[in-house]
Amino acid sequence: MITQERLKELFNYDPKTGLSTPKTAHNRWQVGSVIGYKNTDGYVEAGVDKQYFGVHRLAFLFVHGYLPEEIDHINGDKADNRIAN
């Protein structure tokens, strides 16, 4: 399972915009590009260490250090990954 420490090694996260960017170039990512893609359900997903995660879950882990069983978007916008949402 992914850890907060590993996420902070790989990415920067901006809580005001909800966007995550890679710290170094890696496979599909350029430094400064936004990670993730919108899946068919409208959630933004990203592959990290050979596993796929909802970026909203990665944002929560990045900020709080743990993953709750269930987490979703307060405003209903599945692509809005600001921590306040």
Side-chain angles (χ1 to χ4, degrees):
M1 184 50 127
I2 190 83
T3 64
Q4 182 186 45
E5 180 181 349
R6 179 68 175 143
L7 280 179
K8 289 186 175 191
E9 263 177 44
L10 297 172
F11 305 109
N12 293 307
Y13 171 71
D14 183 341
K16 291 180 184 176
T17 65
L19 301 177
S20 297
T21 57
K23 290 184 174 183
T24 60
H26 182 271
N27 292 340
R28 293 165 269 157
W29 302 326
Q30 302 278 338
V31 174
S33 64
V34 176
I35 68 162
Y37 65 92
K38 196 179 277 192
N39 70 17
T40 57
D41 294 327
Y43 290 96
V44 179
E45 290 185 341
V48 181
D49 292 342
K50 299 181 183 180
Q51 293 182 310
Y52 281 89
F53 298 93
V55 172
H56 62 293
R57 295 182 61 76
L58 295 176
F60 192 96
L61 176 60
F62 191 97
V63 172
H64 297 291
Y66 71 98
L67 281 174
E69 278 190 38
E70 189 173 321
I71 183 173
D72 213 337
H73 301 82
I74 294 168
N75 69 5
D77 181 350
K78 298 173 182 179
D80 180 355
N81 294 315
R82 294 172 298 128
I83 201 65
N85 188 34

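Residue numbers count from 1 along this sequence.
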Atom NE2 of His56 and atom CZ of Arg82: how far apart are they, to the nearest 0.5 Å? 14.5 Å
Would the distance check show the side chain of Tyr13 and the main-chain N or O of Ile83 forming a donor-acceptor pair, the cut-off being under 3.5 Å? yes
Can you see whether Asn75 engages Asp80 through a side-chain donor-acceptor pair at a distance of less than 3.5 angstrom? yes
I'd like to know if Glu5 and Lys8 make a salt bridge, using a cut-off of under 4.0 Å between side-chain N and carboxylate O. no
Is the Tyr43 ring parallel, tilted or perpendicular to the His73 ring (thresholds 30°, 60°)? tilted
Using the side-chain contact (heavy atoms from CB on, under 4.5 Å) definition, which of the options Asn81, Asn39, Leu58 pairs with Val44? Asn81
When rounded to the nearest 0.5 Å, the distance separating CZ of Phe62 from CD1 of Ile2 is 11.5 Å
Do other residues, nucleotides or ligands put more than 12 heavy atoms under 6.0 Å from Lys38 NZ? no
Taking the side chain as every heavy atom from C-beta outward, state whether Val55 and Ser20 have any atom pair closer than 4.5 Å. yes
Check for a donor-acceptor pair, side chain of Gln30 on one end and backbone N or O of Ala25 on the other, with a separation under 3.5 Å. no
Mind checking the CD-CG spacing from Glu9 to Asp49? Nearest 0.5 Å is all I need. 8.5 Å
Hey, are Lys16 and Asp14 close enough for a salt bridge, meaning a charged N less than 4.0 Å from a carboxylate O? no
Could you tell me whether the side chain of Leu61 reaches within less than 4.5 Å of the side chain of Phe53, counting heavy atoms only? no
